[in-house]
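Down below is the structure, laid out as C-alpha coordinates.
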2 protein chains.
Amino acid sequence: MQCTEKAPSKESTLALRDTIELLGGKWRICILRNLSFGEMRFKDLQETVIGISPKVLSKELQDLEQNRLITRTVNNTKPVTVSYAITAHAAHTVPVINALLEFGLLHRRKIKST
Amino acid sequence: MQCTEKAPSKESTLALRDTIELLGGKWRICILRNLSFGEMRFKDLQETVIGISPKVLSKELQDLEQNRLITRTVNNTKPVTVSYAITAHAAHTVPVINALLEFGLLHRRKIKST
DNA sequence: CTGTATCCAGCAAGATACTG
DNA sequence: CAGTATCTTGCTGGATACAG
(Lines give C-alpha, C1' and ligand atoms only; values in the text may rest on other atoms or scores of the structure.)
Protein backbone atom coordinates (compact mmCIF):
# COMPACT_ATOMS: atom_id res chain seq x y z
CA MET A 1 0.00 0.00 0.00
CA GLN A 2 1.21 3.39 -0.92
CA CYS A 3 -0.06 6.05 1.36
CA THR A 4 -2.01 8.52 -0.70
CA GLU A 5 -4.48 9.61 1.89
CA LYS A 6 -5.56 13.18 2.06
CA ALA A 7 -6.59 12.94 5.66
CA PRO A 8 -5.77 10.66 8.58
CA SER A 9 -8.22 7.78 8.59
CA LYS A 10 -8.99 5.84 11.71
CA GLU A 11 -7.68 2.76 10.01
CA SER A 12 -4.29 4.21 9.30
CA THR A 13 -4.11 5.67 12.78
CA LEU A 14 -4.66 2.25 14.24
CA ALA A 15 -2.16 0.64 11.88
CA LEU A 16 0.41 3.18 12.90
CA ARG A 17 -0.28 2.41 16.52
CA ASP A 18 0.39 -1.25 15.81
CA THR A 19 3.76 -0.42 14.36
CA ILE A 20 4.62 1.77 17.29
CA GLU A 21 3.76 -1.01 19.66
CA LEU A 22 5.83 -3.40 17.59
CA LEU A 23 8.96 -1.30 17.28
CA GLY A 24 8.44 1.12 20.11
CA GLY A 25 10.02 1.26 23.46
CA LYS A 26 13.48 2.23 24.41
CA TRP A 27 15.39 -0.66 22.93
CA ARG A 28 13.90 -2.53 20.03
CA ILE A 29 14.91 -0.25 17.22
CA CYS A 30 18.45 -0.16 18.50
CA ILE A 31 18.56 -3.93 18.68
CA LEU A 32 17.26 -4.29 15.16
CA ARG A 33 19.73 -1.81 13.82
CA ASN A 34 22.62 -3.56 15.47
CA LEU A 35 21.49 -6.88 14.07
CA SER A 36 21.17 -5.33 10.63
CA PHE A 37 24.95 -5.40 10.42
CA GLY A 38 25.06 -9.14 10.89
CA GLU A 39 24.20 -11.75 13.46
CA MET A 40 25.24 -11.16 17.03
CA ARG A 41 25.32 -13.09 20.24
CA PHE A 42 23.66 -12.14 23.48
CA LYS A 43 26.80 -10.72 24.96
CA ASP A 44 27.59 -8.69 21.86
CA LEU A 45 24.20 -7.08 22.06
CA GLN A 46 24.60 -6.41 25.73
CA GLU A 47 27.74 -4.46 24.99
CA THR A 48 26.49 -2.62 21.94
CA VAL A 49 23.05 -1.70 23.16
CA ILE A 50 24.44 0.64 25.73
CA GLY A 51 22.84 0.48 29.13
CA ILE A 52 20.51 -2.44 28.67
CA SER A 53 20.32 -5.02 31.44
CA PRO A 54 20.33 -8.73 30.70
CA LYS A 55 16.80 -9.09 31.92
CA VAL A 56 15.43 -6.44 29.64
CA LEU A 57 17.51 -7.59 26.70
CA SER A 58 16.21 -11.09 27.14
CA LYS A 59 12.64 -9.94 27.19
CA GLU A 60 13.01 -7.68 24.17
CA LEU A 61 14.63 -10.46 22.18
CA GLN A 62 11.77 -12.78 23.01
CA ASP A 63 9.23 -10.22 21.91
CA LEU A 64 11.08 -9.58 18.66
CA GLU A 65 11.34 -13.27 17.98
CA GLN A 66 7.64 -13.80 18.59
CA ASN A 67 6.89 -11.15 16.05
CA ARG A 68 9.16 -12.82 13.51
CA LEU A 69 11.50 -9.85 13.39
CA ILE A 70 14.55 -11.80 14.53
CA THR A 71 15.64 -15.42 14.69
CA ARG A 72 17.33 -17.16 17.57
CA THR A 73 19.81 -19.92 16.81
CA VAL A 74 21.49 -22.11 19.39
CA ASN A 75 24.95 -23.09 18.22
CA ASN A 76 26.26 -26.47 19.16
CA THR A 77 29.51 -25.15 20.58
CA LYS A 78 31.01 -25.53 24.00
CA PRO A 79 30.04 -23.60 25.87
CA VAL A 80 26.79 -23.06 24.05
CA THR A 81 26.44 -19.81 22.14
CA VAL A 82 23.31 -18.26 20.74
CA SER A 83 23.10 -16.15 17.62
CA TYR A 84 20.45 -13.60 16.88
CA ALA A 85 19.77 -12.41 13.36
CA ILE A 86 17.33 -10.14 11.68
CA THR A 87 14.70 -11.69 9.40
CA ALA A 88 14.16 -10.70 5.80
CA HIS A 89 10.88 -9.24 6.84
CA ALA A 90 12.42 -7.01 9.47
CA ALA A 91 15.12 -5.98 7.03
CA HIS A 92 12.49 -3.77 5.44
CA THR A 93 12.69 -1.56 8.48
CA VAL A 94 16.41 -0.92 8.23
CA PRO A 95 16.24 2.00 5.80
CA VAL A 96 13.48 3.49 7.91
CA ILE A 97 15.58 3.15 11.01
CA ASN A 98 18.48 4.82 9.29
CA ALA A 99 16.20 7.63 8.26
CA LEU A 100 15.21 8.07 11.88
CA LEU A 101 18.84 8.11 12.88
CA GLU A 102 19.67 10.77 10.35
CA PHE A 103 16.76 12.86 11.48
CA GLY A 104 18.10 12.63 15.00
CA LEU A 105 21.47 13.93 13.96
CA LEU A 106 19.88 16.72 11.98
CA HIS A 107 17.64 17.60 14.86
CA ARG A 108 20.52 17.87 17.30
CA ARG A 109 22.21 20.45 15.11
CA LYS A 110 18.93 22.28 14.64
CA ILE A 111 18.13 22.57 18.32
CA LYS A 112 21.65 23.41 19.36
CA SER A 113 21.86 26.27 16.90
CA THR A 114 18.80 28.09 18.25
CA MET B 1 24.90 12.40 6.73
CA GLN B 2 24.27 9.27 4.79
CA CYS B 3 24.59 6.19 6.85
CA THR B 4 27.33 4.09 5.34
CA GLU B 5 28.57 2.42 8.47
CA LYS B 6 29.64 -1.16 8.36
CA ALA B 7 29.07 -1.66 12.05
CA PRO B 8 27.01 0.06 14.72
CA SER B 9 29.10 2.78 16.30
CA LYS B 10 28.39 4.03 19.78
CA GLU B 11 27.78 7.43 18.32
CA SER B 12 25.06 6.29 15.98
CA THR B 13 23.52 4.16 18.70
CA LEU B 14 23.25 7.19 20.91
CA ALA B 15 21.90 9.33 18.09
CA LEU B 16 19.24 6.76 17.42
CA ARG B 17 18.33 6.79 21.07
CA ASP B 18 17.87 10.54 20.87
CA THR B 19 15.44 10.15 18.03
CA ILE B 20 13.54 7.46 19.84
CA GLU B 21 13.23 9.70 22.84
CA LEU B 22 12.11 12.52 20.60
CA LEU B 23 9.47 10.67 18.61
CA GLY B 24 8.90 7.71 20.87
CA GLY B 25 6.03 6.97 23.15
CA LYS B 26 2.55 6.01 22.35
CA TRP B 27 1.31 9.21 20.81
CA ARG B 28 3.80 11.56 19.22
CA ILE B 29 4.16 9.91 15.88
CA CYS B 30 0.40 9.73 15.52
CA ILE B 31 0.08 13.39 16.36
CA LEU B 32 2.72 14.37 13.85
CA ARG B 33 1.12 12.30 11.16
CA ASN B 34 -2.26 13.82 11.79
CA LEU B 35 -0.79 17.30 11.65
CA SER B 36 0.98 16.44 8.42
CA PHE B 37 -2.37 16.70 6.68
CA GLY B 38 -2.80 20.29 7.80
CA GLU B 39 -3.20 22.31 10.94
CA MET B 40 -5.60 21.11 13.56
CA ARG B 41 -7.07 22.37 16.77
CA PHE B 42 -6.87 20.76 20.14
CA LYS B 43 -10.27 19.22 19.86
CA ASP B 44 -9.63 17.86 16.38
CA LEU B 45 -6.58 16.07 17.67
CA GLN B 46 -8.44 14.73 20.63
CA GLU B 47 -10.91 13.11 18.28
CA THR B 48 -8.43 11.85 15.71
CA VAL B 49 -5.78 10.53 18.04
CA ILE B 50 -8.03 7.81 19.30
CA GLY B 51 -8.00 7.25 23.01
CA ILE B 52 -5.78 10.09 24.14
CA SER B 53 -6.83 12.04 27.20
CA PRO B 54 -6.68 15.82 27.26
CA LYS B 55 -3.98 15.78 29.89
CA VAL B 56 -1.69 13.57 27.90
CA LEU B 57 -2.43 15.37 24.65
CA SER B 58 -1.56 18.65 26.27
CA LYS B 59 1.72 17.33 27.57
CA GLU B 60 2.70 15.72 24.30
CA LEU B 61 1.96 18.91 22.40
CA GLN B 62 4.11 20.88 24.77
CA ASP B 63 6.98 18.49 24.34
CA LEU B 64 6.67 18.57 20.57
CA GLU B 65 6.56 22.35 20.60
CA GLN B 66 9.66 22.59 22.74
CA ASN B 67 11.50 20.44 20.27
CA ARG B 68 10.40 22.68 17.42
CA LEU B 69 8.45 19.91 15.76
CA ILE B 70 5.13 21.73 15.89
CA THR B 71 3.95 25.29 16.28
CA ARG B 72 1.15 26.51 18.49
CA THR B 73 -0.91 29.49 17.36
CA VAL B 74 -3.60 31.19 19.38
CA ASN B 75 -6.31 32.53 17.12
CA ASN B 76 -8.03 35.73 18.09
CA THR B 77 -11.51 34.28 17.77
CA LYS B 78 -14.32 34.09 20.25
CA PRO B 79 -14.11 31.77 21.96
CA VAL B 80 -10.39 31.44 21.56
CA THR B 81 -9.15 28.63 19.35
CA VAL B 82 -5.65 27.25 19.08
CA SER B 83 -4.08 25.79 15.98
CA TYR B 84 -1.28 23.32 15.90
CA ALA B 85 0.85 22.79 12.82
CA ILE B 86 3.86 20.79 11.88
CA THR B 87 7.12 22.64 11.25
CA ALA B 88 9.15 22.35 8.07
CA HIS B 89 11.75 20.55 10.07
CA ALA B 90 9.33 17.93 11.34
CA ALA B 91 7.93 17.52 7.86
CA HIS B 92 11.08 15.55 7.12
CA THR B 93 9.71 12.81 9.30
CA VAL B 94 6.47 12.39 7.39
CA PRO B 95 7.78 9.99 4.75
CA VAL B 96 9.46 8.00 7.48
CA ILE B 97 6.25 7.82 9.43
CA ASN B 98 4.40 6.64 6.38
CA ALA B 99 7.03 3.98 5.86
CA LEU B 100 6.44 2.81 9.41
CA LEU B 101 2.74 2.71 8.77
CA GLU B 102 3.15 0.64 5.67
CA PHE B 103 5.41 -1.74 7.46
CA GLY B 104 2.74 -2.15 10.09
CA LEU B 105 0.16 -3.09 7.51
CA LEU B 106 2.56 -5.50 5.87
CA HIS B 107 3.42 -6.99 9.19
CA ARG B 108 -0.17 -7.65 10.13
CA ARG B 109 -0.69 -9.67 7.00
CA LYS B 110 2.57 -11.52 7.57
CA ILE B 111 1.80 -12.55 11.12
CA LYS B 112 -1.80 -13.43 10.45
CA SER B 113 -0.87 -15.74 7.58
CA THR B 114 1.43 -17.91 9.69
C1' DC C 1 -12.93 25.46 23.31
C1' DT C 2 -8.57 24.65 25.51
C1' DG C 3 -6.67 23.18 28.55
C1' DT C 4 -4.97 22.21 34.06
C1' DA C 5 -5.49 19.70 38.71
C1' DT C 6 -5.75 15.68 41.23
C1' DC C 7 -5.59 11.13 42.25
C1' DC C 8 -4.12 6.55 41.22
C1' DA C 9 -2.79 2.00 39.11
C1' DG C 10 0.26 -0.74 36.38
C1' DC C 11 4.15 -1.78 34.32
C1' DA C 12 8.65 -0.86 32.34
C1' DA C 13 12.86 -1.21 33.72
C1' DG C 14 17.05 -0.78 37.00
C1' DA C 15 20.12 -3.31 40.38
C1' DT C 16 21.76 -7.33 41.84
C1' DA C 17 22.40 -11.98 42.46
C1' DC C 18 22.17 -16.39 40.88
C1' DT C 19 21.79 -20.92 37.56
C1' DG C 20 22.75 -24.37 33.73
C1' DC D 1 28.13 -17.68 27.81
C1' DA D 2 23.25 -16.98 28.15
C1' DG D 3 20.17 -16.05 30.48
C1' DT D 4 16.42 -16.18 34.95
C1' DA D 5 14.82 -14.66 39.79
C1' DT D 6 13.67 -11.25 42.84
C1' DC D 7 12.89 -7.00 44.60
C1' DT D 8 11.91 -2.20 44.07
C1' DT D 9 11.11 2.27 42.08
C1' DG D 10 9.61 5.85 39.08
C1' DC D 11 7.10 7.36 35.50
C1' DT D 12 3.52 6.91 31.97
C1' DG D 13 -0.68 7.50 31.33
C1' DG D 14 -5.89 6.64 32.59
C1' DA D 15 -10.20 8.70 34.78
C1' DT D 16 -12.41 12.44 36.29
C1' DA D 17 -13.35 16.96 37.53
C1' DC D 18 -12.71 21.55 37.08
C1' DA D 19 -11.05 26.50 35.25
C1' DG D 20 -10.20 30.54 32.05
Side-chain angles (χ1 to χ4, degrees), chain A residues 13-14 16-35 38-67 69-86, chain B residues 13-14 16-35 38-67 69-86:
Chain A
T13 300
L14 265 357
L16 189 51
R17 281 265 279 283
D18 286 345
T19 313
I20 290 168
E21 194 157 339
L22 196 66
L23 300 180
K26 206 171 170 182
W27 305 111
R28 288 181 203 174
I29 286 186
C30 280
I31 293 171
L32 286 179
R33 182 177 137 84
N34 284 342
L35 290 179
E39 66 173 34
M40 299 177 77
R41 284 174 302 146
F42 193 88
K43 195 199 172 193
D44 297 331
L45 285 168
Q46 212 175 156
E47 284 164 3
T48 322
V49 183
I50 302 162
I52 199 168
S53 73
K55 185 187 83 171
V56 175
L57 178 56
S58 173
K59 185 199 163 271
E60 298 294 291
L61 289 171
Q62 282 171 23
D63 289 351
L64 289 170
E65 193 194 358
Q66 264 183 6
N67 284 305
L69 297 177
I70 62 170
T71 58
R72 194 187 106 114
T73 312
V74 179
N75 305 308
N76 206 6
T77 53
K78 189 174 184 293
V80 166
T81 57
V82 181
S83 302
Y84 293 93
I86 202 171
Chain B
T13 299
L14 265 356
L16 189 52
R17 281 263 281 282
D18 287 345
T19 313
I20 291 169
E21 194 157 339
L22 196 65
L23 300 180
K26 206 170 169 180
W27 306 111
R28 288 182 204 173
I29 285 185
C30 280
I31 293 171
L32 286 179
R33 182 177 136 84
N34 284 342
L35 290 180
E39 66 172 34
M40 300 178 76
R41 285 175 301 146
F42 193 87
K43 196 200 173 195
D44 298 331
L45 285 169
Q46 212 174 157
E47 283 164 4
T48 321
V49 183
I50 303 161
I52 199 168
S53 73
K55 185 187 81 169
V56 174
L57 178 56
S58 172
K59 184 197 162 271
E60 298 294 291
L61 289 171
Q62 282 171 22
D63 289 350
L64 289 170
E65 194 194 357
Q66 264 183 5
N67 285 306
L69 296 177
I70 63 170
T71 57
R72 194 187 107 113
T73 312
V74 180
N75 305 308
N76 206 7
T77 52
K78 187 172 186 301
V80 166
T81 58
V82 181
S83 301
Y84 292 92
I86 202 171

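Only heavy atoms go into these numbers, but all of them, side chains included; no hydrogens, no water, no symmetry mates.
Between B/Val49 and B/Trp27, the closest side-chain pair of non-hydrogen atoms falls below 4.5 Å. Between B/Leu22 and B/Leu69, the closest side-chain pair of non-hydrogen atoms falls below 4.5 Å.
Considering only residues two or more places apart in sequence or on other chains, B/Ile20 meets the side-chain contact (heavy atoms from CB on, under 4.5 Å) condition with A/Ile29, A/Cys30, B/Leu16. Remark: B/Thr81 pairs with B/Asn75, B/Thr77 by the side chain to side chain donor-acceptor pair (under 3.5 Å) rule, at least two apart or across chains. Legend: residues meeting side-chain contact (heavy atoms from CB on, under 4.5 Å) with A/Glu65, ordered by chain and number and at least two apart, are A/Ile70, A/Arg72. Partners of B/Arg28 by salt bridge (Lys or Arg N to Asp or Glu O under 4.0 Å), not counting sequence neighbours, listed by chain and number: B/Glu60, B/Asp63. Under the rule for a side-chain contact (heavy atoms from CB on, under 4.5 Å), the partners of A/Glu39 that lie at least two apart in sequence or sit in another chain are A/Ser83, A/Ala85. Among residues two or more places apart in sequence or in another chain, the side chain to side chain donor-acceptor pair (under 3.5 Å) test is passed with A/Asn34 by none.
Close approach of DNA chain D to chain B, defined as any atom under 4.0 Å from a non-hydrogen atom of the protein, starts and stops at D/dG13 to D/dA15. A 4.0 Å heavy-atom criterion places the boundary nucleotides of DNA chain C facing chain A at C/dA13 to C/dA15, written 5' to 3'.
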Starting from the C-alpha separation in whole Å, work towards a yes-or-no answer on side chain to side chain contact (heavy atoms under 4.5 Å, CB included) for A/Leu57 and A/Ile31.
CA-CA 9 Å; A/Leu57 178 56; A/Ile31 293 171; 3.9 Å; yes
Using side chain to side chain contact (heavy atoms under 4.5 Å, CB included), reason through A/Leu35 and A/Leu64 one step at a time and then give a plain yes or no.
CA-CA 12 Å; A/Leu35 290 179; A/Leu64 289 170; 5.9 Å; no
In sequence, state the C-alpha distance, the side-chain angles, and the governing distance for A/Val82 and A/Phe42, and then conclude on side chain to side chain contact (heavy atoms under 4.5 Å, CB included).
CA-CA 7 Å; A/Val82 181; A/Phe42 193 88; 5.7 Å; no
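If you check residues 45-56 of chain B against DNA chain C, the residues with a heavy atom closer than 4.0 Å are B/Pro54, B/Lys55, listed by number. A heavy atom lying under 4.0 Å from DNA chain C marks the following residues of residues 19-27 of chain A, by number: A/Lys26, A/Trp27.
Mapping B/Asp44 and A/Glu60 onto DNA chain C by nearest heavy atom places B/Asp44 at the nucleotide closer to the 5' end.
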Can you give the dot-bracket line for DNA chain D, where a pair is Watson-Crick or G-U wobble with both atom distances under 3.5 Å, crossing pairs use [ ], and | marks a partner on another strand?
||||||||||||||||||||
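Within the model, atoms CG of A/Leu45 and OH of A/Tyr84 stand 8.0 Å from one another, a figure rounded to the nearest 0.5 Å.
Residue pairs meeting the side chain to side chain donor-acceptor pair (under 3.5 Å) criterion with at least one partner in residues 42-55 of chain B, sequence neighbours excluded, are absent.
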